[in-house]
Protein chains: 2
Amino acid sequence: MKKHDQDFIRRQNRLTVFEMIKNQHPISRAAIAKRTGMSPTTVSRIVTELTEQGYLFESDQVSEGVGRKSTLLDIVSASVLSIGVELDRGHMNVGIVDLQGNLLCGGKYPRDPDESPDKTIARISEAIDGLTKLQEIDRTRIVGIGVGLPGIVNNEKGIVMFSVQLGWKNVALADRLKELTGYEVAVDNELKVKALAEHLKGVAIGSSRTALLGFGNGVGSALILEGEIYRGETNSAGEIGHTTVDPNGMMCECGKTGCLQTYINIGSLLSEANRIRPIRTIEELFEARRSGEQWAVQLIERALMYMAITVNNIVCMYNPDSVILSGELVDKIPEVYEEVEALCHSRFIWEPLRGSFAFHRSELNERGVVIGSGLLSQNRFFELS
Amino acid sequence: MKKHDQDFIRRQNRLTVFEMIKNQHPISRAAIAKRTGMSPTTVSRIVTELTEQGYLFESDQVSEGVGRKSTLLDIVSASVLSIGVELDRGHMNVGIVDLQGNLLCGGKYPRDPDESPDKTIARISEAIDGLTKLQEIDRTRIVGIGVGLPGIVNNEKGIVMFSVQLGWKNVALADRLKELTGYEVAVDNELKVKALAEHLKGVAIGSSRTALLGFGNGVGSALILEGEIYRGETNSAGEIGHTTVDPNGMMCECGKTGCLQTYINIGSLLSEANRIRPIRTIEELFEARRSGEQWAVQLIERALMYMAITVNNIVCMYNPDSVILSGELVDKIPEVYEEVEALCHSRFIWEPLRGSFAFHRSELNERGVVIGSGLLSQNRFFELS
DNA sequence: ATTAAATAACATCACTGGAGAAAAGGTCGG
DNA sequence: CCGACCTTTTCTCCAGTGATGTTATTTAAT
């Protein structure tokens, strides 16, 4: 129910042109006009404006057959920079991301799981100071900070509602970090920004409906619809960790029984494994399976089956065009992706939907959250400007 | 990546004004201007135009305190009519729906489950002829036909991909019906249009994210996002009947095991019941439970539990602001709604999401599909005009 | 006299379309 | 073989269209 006026048109068209160049560079003015349906005049005017603001440059002259050469336009990728932050229980990652989603520089910092929010926020700020002091970075080009973390986030107000992994509850992360650094801060759930990154710069470029699944210390999913993160009413959409997959199953920390996460969480798998014999890491567990220990075979096969079931349930409900598997389990253990995919295709996907989507493994891996957070904050910036 | 131009603005603003009057009638020009942010001039101009086209009329003059009286505007509800059709295995419903979602007239017609598509389509056409011959109906105001049916539908092309209930596969319903009647035809899944009806005229007015669940001969769900049906890639979003809820469960007709529908389908419940003793209808089954027959208690309680689990899974994935229960089971058996709601609130909804959504029972009941189909075709009409 | 609703006349501004300059390839006659 | 000429394409300039917004005016109530 919002009005539309000339200003809206202008901003929208500017954005359309900019996005098109960002995604399909290098490209000529004429090609943009053709593809968007705008008149060449309009495109030219917008391009002039964007060039003056330093976002674009004319990269080359190329002959398209007969006629005047077309001048190709390209993005000045360093014209907009943002800082991406990944917060997790035991570590944090900070990086500087450019317009094209490249990680210009970055660092990994350990974090004490019991660290207070204030301490962590201060250390993020220090890390940013450190990175931006590197000479190549033009600090005036930084438009904001994005933070991705596990847990439920109020993304509008930038508040971490609660995060089991961080041990946080009701932390006004955005406000405090903005106070400290002066930059605009966007906060969101890690899987949501990771999905955004894969959609914009990873394996799901061009997809209209991307579903990303994260199998790791938590279990979750995220959905990108027409380039936008689907959030739901309280930004909790995709919290599949507590969907019930077996009413007779184990007790979950949430107080229900048979939650999905009790079957495929790394923590749950390890604690189950330790009923048999001491197992420290998930790699050890898979090693035990490879060497044929029956209990490990059973435990892991059950987990893999539930992962395939989860893919099916996601596909039935979201009906996406791309499904991406990600998370520690997928990144660290090569067979997880392959076996889940095989299970899906052979048995667990409802037949009418087989082939309705592309199956991918995360391409950006552990850089996904940092890149996604950075891109999120850039998106926020462009929406406003 | 589409251009925005003045024409787009104009259409959009016209629609905005029209929608606002439709939803908040009666309302004055000034109030519309305030709420949309448009200038009074623009609103006045659009109102004049819509009035000339016969969609609006000035209903009353009301003094809002000091100052000139405001003239209230209202919808001419009969200015746009459409035909809603509900197709099901054993019957079909046809009705005429006005702008406000009122069912002006309608009829129920039996259908032979083995009837061929051509026969059914011909009978729909006859039924429409019958209804439109009623004198009160201004046939020139009818803008199209909407059809809702169980099954997977290609809504863009109006093709019924397949429908177990109707026994149809690859039927070009829209094209054939358009040929026969001359009207534009929109086709969609019954739950999707039912959700649309509840969102526009039923129990979920004003909701931004409505999830509707249908428990009946099939099991399904539909999601309305910001007033639009969420369809997914192949218009199959929300097909929860074949999400897996118990990998060790019963064989489903789809070839997988433990599909949700094997637990709560009316058909499945009856066939399970008949292992014990002959049971014809779902009412009989619930009667058996009320009289304390243990097998019936168990069977039904299991079903109710799975319904609650389904609500939880929907809530976790879609994170809606409203959840609507509908379908034959809910409509015919009063305790289903109450018990499922009780189960949800006491045990089955993940704690952080309790209270994040409103729980409703379908308000339009068996008229929902007819009304929704009619409104769908009206929406289609307004998008184009 | 003041306030609010509706309207009329005028102003603003984003896009369009046509004309024209620039630049390259193709064609054709000498 | 080569230069003149034509065609095609890109891009820009300028006037024109049509949407909304602004300001002033009329009407009606406190």
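We use all heavy atoms of the structure for the numbers below, so side chains are in, but hydrogens, waters and symmetry mates are not. In what follows, chains are A, B, ... by sequence order, proteins preceding strands, each numbered from 1. Keep in mind the model is a prediction, meaning the values are calculated, not measured.
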**Message:** Before we go on, tell me: are the rings of A:Phe18 and A:Phe382 under 6.0 Å apart, centre to centre?
**Reply:** yes

**Request:** Could you grab the distance from atom OG1 of B:Thr210 to atom CD of B:Glu198, nearest 0.5 Å is fine?
**Result:** 9.5 Å

**Prompt:** OP1 or OP2 of C:dA6 sitting under 4.0 Å from any side-chain N/O of B:Thr71?
**Reply:** yes

**Message:** Without decimals, in angstroms, what is the distance between B:Leu72 CG and C:dA4 P?
**Reply:** 17 Å

**Item:** Candidate nucleotides C:dA6, D:dA29, D:dC11, ranked by approach to the side chain of B:Lys69 - the nearest
**Value:** D:dA29

**Message:** Please report the distance, rounded to the nearest Å, between CG in B:Asp60 and P in C:dA6.
**Reply:** 12 Å

**Message:** Regarding A:His25 and A:Gln100, do their side chains bring together a donor and an acceptor under 3.5 Å, going by distance alone?
**Reply:** yes

**Request:** Quick one: do A:Glu383 and A:Arg380 satisfy salt bridge (charged side-chain N to carboxylate O under 4.0 Å, His left out)? Show the steps, please.
**Result:** CA-CA 5 Å; A:Glu383 275 167 22; A:Arg380 186 77 67 91; 5.2 Å; no

**Asked** Which parts of nucleotides 11-18 of chain C does protein reach within less than 4.0 Å, heavy atoms only, written one letter per nucleotide 5' to 3' as B for base, S for sugar-phosphate only and - for none?
**Response** --BBSBBB

**Prompt:** Taking CD from B:Glu49 and C1' from D:dG18, how many angstroms apart are they, rounded to a whole number?
**Reply:** 13 Å

**Message:** For a quick check, tell me whether the side chain of B:Arg68 and the base of D:dA28 share a donor-acceptor pair closer than 3.5 Å.
**Reply:** no

**Spacing of B:Lys34 atom NZ relative to D:dG21 atom P, expressed in whole Å** = 16 Å

**Request:** Using whole Å, report how far CD of B:Glu58 lies from C1' of C:dA5.
**Result:** 12 Å

**Option from A:Thr41, A:Val43, A:Thr42, A:Thr48 for which side chain to side chain contact (heavy atoms under 4.5 Å, CB included) with A:Arg45 holds** = A:Thr42

**Side-chain heavy atoms of A:Glu156 within contact of A:Arg231, under 4.5 Å** = no

